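Encoded as structure tokens, the structure appears first; notes follow it.
All of these numbers come straight from a predicted model, not from anything done at the bench.
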Amino acid sequence: MRDLAYLKLLAREYPTVKAASSEIINLTAIKGLPKGTEYFFSDLHGEHEAFIHLLRSSSGIIREKIKETFGYVIPEEDQEKLANLIYYPEKVIHQLSQEGQANDEWKRINIFRLVEICKAVSSKYTRSKVRKKLPAEFAYILDELLHVDYNGKNKKIYYSEIIRSIIDIEIGDKFIIALCRLIQNLTIDSLHIIGDIFDRGPRADLIMNELMQFHDVDIQWGNHDISWMGAATGNLACICNVLRIAISYNSFDVLEDGYGINLRPLSMLAASVYKNDPCARFVPHILDENIYDVVDPGLVAKMHKAVAVMQFKIEGQIIRRHPEYQMDGRRLLEQVDFQKGTVTVEGKTYEMLDMAFPTVDPKDPLKLTPEEEDLIHTLCLSFKHSQLLHKHVKFLYSHGAMYKSYNQNLLYHGCIPMKKDGSFEELEFSGVPYKGRGLMDMIDKTVQSAYFLPESSPDKETARDFMWYLWCGAKSPVYGKDKMTTFEHYFIAEKHTHKETMNPYYQLSVNEEYCDRILEEFGLPTVNSHIINGHVPVKIKDGETPVKAGGKLYIIDGGLSKAYQSKTGIAGYTLIHNSRHLALAEHKPFCPGKENTPKVTIVEKMKRRIMVGDTDLGGELTERIEDLKELVKVYRNGILKEKMI
């Protein structure tokens, strides 16, 4: 018998045999439905416009539903207009109202069309589940419209009267918006973000706002996410890093307008210290123009250099505190010969491209000047007091992890560190070696500690420093390279010094044998399971494919970030997993106002249709059903008494 105390708690929710039996029938029926559609995105990198479009359009699936429903009824142009209405209802209605086109007839026609699309996307859900997703304001009306029997004349009249009344009492616009939101909501059952929401693109904060509104989302942290999370913990190197990257990509809007980070102290120090320095090595990449915070490119270059030098100093201090990181060779400011203008890297000496270091003391290169100390303290306070940043970071914690195992898919951003022989690489933390799944679990706990431990905790600083190691350490699963050559990119002309060698995982994992080894390590069967990760852009134009290891590995970073699109040839992927197949949606570079529907290709068909009962959710429902059956039994045996209402 199940624990009686637990059954007593369950009895509060189901106080009678009838209530428990009804729920058993309901849950059993749900298990017999097709599984919901899962969407996988990776490496969003602040590209808010492109991502929000993909999310609202379900990566082109809504467009396909429109074609299936109305392909022989309405012309292509009207199908496109209907799709755009579903994606951006407020914008479209406002525009058409301004032009005088959103009249009663337009509303009537589009309500009818939207209801038909809504029926198509809700067909595999129970009426109860759909009802729960209905906006409260229109729940009754929508429930009626979605279940009208068109065969009856009276029902047709009833249907028409509902729509006429909606328009007559002037709530047509609100009703259309509610229908569009419902269609979006029903098309994607669950959303998986395989890391790197932040950096390079203009507005990661707007992506986070969108994700927080989504009904079912999980996040596997990437190294860029970890860097921002580290900054929120107060890690000074991470603070410098997120500022350096944002400034280098001219992303002032996300810093100042998004998170309210006060950059004036940095601009003042940079303008003073580098007054006569053109900072030519630090001219920003301008992929997007700032809307709210337009900054002179010359000043941006000075700010970029100022924060980069501070970062190199603070990183060197962390490395010195942690010899176990085995990164002494990366304290490169200490390897600069300030008289000769050279730097020694891995035993070889190179000429420096820039030797203007007014804030660096050659006798103690890693020491911050008093002005830099004041500045980093001020910046740290700015990060600490950003309410929106901490709201977003807490969401990353509550909905995120290093990995997720779900429906026979293993999700993680970068890699599972491996040695050349295919064994799992060990990382020592606090004197204890970790590898494979144990390593990922340890990191997950440490990341939590870095943010949530009180400042007085002796383990806080160790965990906080480790956040920076995860950003760029050789054995970090979210980074997966031997070193990060930021210093070399800025100061050394020889290109071979810029090379960052990938962890052996990336060569080994293209073979099924090693994918099976990883799947087994995480307790997944080797048949019909997949590994899904991002981090490394797939260069389609060079003949690369996102599907590897005989279909066991999917790498879905295809370059949503504008910074990568010239290398990849496309703008990323969405992996779509429904009850019948796995499909890849190949994104086009996003262009507002133009056709942006991805190319969807089925890459794996299921041997049989996957039902809810076959999924992890189905396993949970089965357990719930067994609990309810036990509850019914104790009611009937008189061990617990029904509460008659």
Under a 3.5 Å distance rule, please check whether Glu500 uses its side chain to pair with a backbone N or O of Thr485 as donor and acceptor. yes

Can you measure from CD1 (Ile518) to OG (Ser509) and round to the nearest 0.5 angstrom? 6.0 Å

I want to check a possible cation-pi pair here: Lys475 against Tyr325, using under 6.0 Å from ring centre and within 45° of the ring axis as the test. no

Tell me which donor-acceptor pairs under 3.5 Å the side chains of residues 438-447 have, and how far apart each pair is, sequence neighbours excluded?
from   : atom 1 : to     : atom 2 : distance (Å)
Asp441 : OD1    : Tyr403 : OH     : 2.7
Asp444 : OD2    : Met402 : N      : 3.0
Thr446 : OG1    : Met442 : O      : 2.9

Asp205 and His392: side-chain donor and acceptor closer than 3.5 Å? no

Checking side-chain polar atoms at under 3.5 Å, does Tyr451 have a donor or acceptor matched by the opposite partner on His390? yes

Hey, would you say the Phe452 and Tyr397 ring centroids sit under 6.0 Å apart? yes

Side-chain donor-acceptor pair under 3.5 Å between Ser457 and Asp459, yes or no? no

Gly230 to Met467 - nearest heavy-atom pair and separation: N-CE, 3.6 Å

Take atom CD in Gln507; do more than 12 heavy atoms of anything else shown fall under 6.0 Å from it? no

Centroid-centroid under 6.0 Å between His304 and Tyr490 rings: yes

Short N-O contact, Glu521 and Arg517, less than 4.0 angstrom: no

Are the side chains of Phe214 and Ile193 in touch, meaning some heavy atoms are under 4.5 Å apart? no

Would you say the ring centers of Phe429 and Tyr434 fall short of 6.0 Å from each other? no

Are any of the side-chain nitrogens in Lys483 or Glu488 under 4.0 Å away from the carboxylate oxygens of its partner? no

Charged N to carboxylate O below 4.0 Å: is that the case for Lys552 and Asp516? yes

Between Arg464 and Glu461, is there a side-chain N and carboxylate O pair less than 4.0 Å apart? yes

Can you confirm whether the side chains of Asp465 and His322 place a donor and an acceptor under 3.5 Å from each other? yes

Ring-ring centroid check His192 Phe40, cutoff 6.0 Å: yes

Let me check something: any side-chain donor-acceptor pairs from residues 358-368 under 3.5 Å, sequence neighbours excluded? List them with distances.
from   : atom 1 : to     : atom 2 : distance (Å)
Thr359 : OG1    : Glu372 : OE2    : 3.2
Asp361 : OD1    : Lys363 : N      : 3.0

Under the side-chain contact (heavy atoms from CB on, under 4.5 Å) criterion, do Lys35 and Leu617 qualify, and how do the steps go? CA-CA 9 Å; Lys35 76 174 280 293; Leu617 173 60; over 6 Å; no

Shortest non-hydrogen contact from Phe522 toward Arg437: O-NH1, 3.4 Å

Any donor and acceptor pair, going by atom type alone, linking the side chain of Gln408 with main-chain N or O of Val527 inside 3.5 Å? yes

Main chain of Asp218, side chain of His399: is a donor-acceptor contact present, judged purely on distance under 3.5 Å? no

Measure the spacing between OH of Tyr249 and CG of Asp199 and express it to the nearest 0.5 Å. 9.0 Å

Taking the six-membered ring for Trp, are the ring centroids of Phe491 and Phe357 within less than 6.0 Å of each other? yes

Separation between CG of Leu381 and CD1 of Ile376, rounded to the nearest 0.5 Å: 10.5 Å

When every non-hydrogen atom of Ile239 is compared with those of Cys380, the smallest separation belongs to CD1-CA, 3.8 Å

At what distance, to the nearest 0.5 angstrom, does SG of Cys238 lie from CH2 of Trp471? 9.0 Å

